[in-house]
*Asks:* 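Quick one: the structure is below, questions incoming.
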Amino acid sequence: KQWYQRRVAITAGQWFWEILEIFSPSERSLFLRFVWGRTRLPRNIADFRGRDFVLQVLDKYQPPDHYMPESYTCFFLLKMPRYSSKEILTEKLRYAINFCKSIDTDDYARITRDEGIGDGEDSDIELGSQ
């Protein structure tokens with residue numbers, strides 16, 4: 001049974017990396033925003049500040065195909081159910097990266113720069129989905 005569980009975990013992880021390989025550059029950027037809150041990788045390895053990407057494939061979701069992947073941008077972490085197929089994983093991941101946009105530090109930085117927010121004046125900022 002342990003061998004089977006490890007094999008299934010390896011398969012889910014392999015599916016994940018295969019899907020990232022077929023993603024377009026735009027989809028990869030959306031993926032980074034989903035799991036890290038930024039749309040680009042740092043310029044050099046030192047800027048990662050010791051953060052390694054973590055992928056957790058969990059069995060707690062039942063039935064797994066009814067759940068979405070979860071990201072924790074502060075930890076560069078993606079939790080996902082053990083989906084029943086690569087196709088379902090692809091569908092769920094594409095949906096998540098395209099429609100879950102609550103954290104987007106790149107856009108916040110651009111808005112701050114373009115609108116002069118943070119220039120010494122106190123102001124309230126309301127950020128919503130775009």
*Asks:* If I take atom CD1 from residue Ile22 and atom OG1 from residue Thr90, how far apart are they, to the nearest 0.5 angstrom?
*Replies:* 5.5 Å
*Asks:* Passes side-chain contact (heavy atoms from CB on, under 4.5 Å), Asn98 versus Leu30? Steps please.
*Replies:* CA-CA 7 Å; Asn98 281 287; Leu30 289 171; 3.3 Å; yes
*Asks:* Looking at Ala96 and Pro69, what are the two nearest heavy atoms and their distance?
*Replies:* CB-CG, 4.1 Å
*Asks:* Transitively linked via ILVMFWY side-chain contacts under 4.5 Å: Phe34 with Phe76?
*Replies:*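 Hydrophobic grouping puts Phe34 with Phe76.
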*Asks:* Please report the closest heavy-atom contact between Val57 and Ala12, naming both atoms and the distance.
*Replies:*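 Heavy atoms only, the tightest pair is CG1-CB, 3.8 Å.
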*Asks:* Do Phe53 and Leu77 come within less than 4.5 Å of each other through their side chains, counting heavy atoms only?
*Replies:* no
*Asks:* Could you state the interatomic distance from CZ (Phe16) to CG (Leu78), rounded to the nearest 0.5 Å?
*Replies:*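 Answer rounded to 0.5 Å: 5.5 Å.
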*Asks:* Within the 4.5 Å heavy-atom criterion, are Tyr72 and Val35 side-chain neighbours or not?
*Replies:*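 No, their side chains stay 4.5 Å or more apart.
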*Asks:* Within this structure, what is the CG-CD distance for the pair Asp65 and Glu87, rounded to the nearest 0.5 Å?
*Replies:*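 Answer rounded to 0.5 Å: 11.0 Å.
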*Asks:* Do Leu55 and Met80 have side-chain heavy atoms sitting under 4.5 Å apart?
*Replies:*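 Heavy-atom side-chain distance check passes, below 4.5 Å.
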*Asks:* If I take atom OH from residue Tyr83 and atom NZ from residue Lys92, how far apart are they, to the nearest 0.5 angstrom?
*Replies:* 6.0 Å
*Asks:* For Trp15 and Leu89, run side-chain contact (heavy atoms from CB on, under 4.5 Å): C-alpha distance rounded to whole Å, both residues' side-chain angles, the deciding distance at 0.1 Å, then the answer.
*Replies:* CA-CA 8 Å; Trp15 289 344; Leu89 172 53; 3.8 Å; yes
*Asks:* State yes or no: do Ile19 and Val54 share one hydrophobic cluster built from I, L, V, M, F, W and Y residues joined by side-chain heavy-atom distances below 4.5 Å, directly or via other members?
*Replies:*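 No, because Ile19 and Val54 fall into different hydrophobic clusters, even though each may have its own neighbours under 4.5 Å.
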*Asks:* Is there a path from Leu93 to Trp17 through hydrophobic residues (I, L, V, M, F, W, Y) whose side chains come within less than 4.5 Å of each other?
*Replies:* yes
*Asks:* Each residue besides Tyr67 in its hydrophobic cluster should be listed here, by chain and number; the cluster joins Ile, Leu, Val, Met, Phe, Trp and Tyr at side-chain heavy-atom distances under 4.5 Å.
*Replies:*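 Leu58, Tyr61, listed by chain and number.
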*Asks:* Less than 4.5 Å apart, any side-chain heavy atom of Phe31 and any of Arg33?
*Replies:*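 The answer is no; the side chains never approach within 4.5 Å.
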*Asks:* Please name all residues satisfying side chain to side chain contact (heavy atoms under 4.5 Å, CB included) with Tyr95, sequence neighbours left out, ordered by chain then number.
*Replies:*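 Side chain to side chain contact (heavy atoms under 4.5 Å, CB included) check on Tyr95 returns Met68, Phe99.
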*Asks:* Between Gly37 and Thr73, what is the shortest heavy-atom contact and its length?
*Replies:*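 So the two residues come closest at N-CG2, 3.6 Å.
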*Asks:* For Phe75, look at atom CZ and say whether over 12 heavy atoms of other residues, nucleotides or ligands are found less than 6.0 Å away.
*Replies:* no
*Asks:* Name all pairs fulfilling the salt bridge (charged side-chain N to carboxylate O under 4.0 Å, His left out) condition that reach into residues 13-28, sequence neighbours left out, sorted by first residue then second.
*Replies:*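 Of all non-adjacent pairs touching residues 13-28, those that pass salt bridge (charged side-chain N to carboxylate O under 4.0 Å, His left out) are Glu18-Lys86, Glu27-Arg94.
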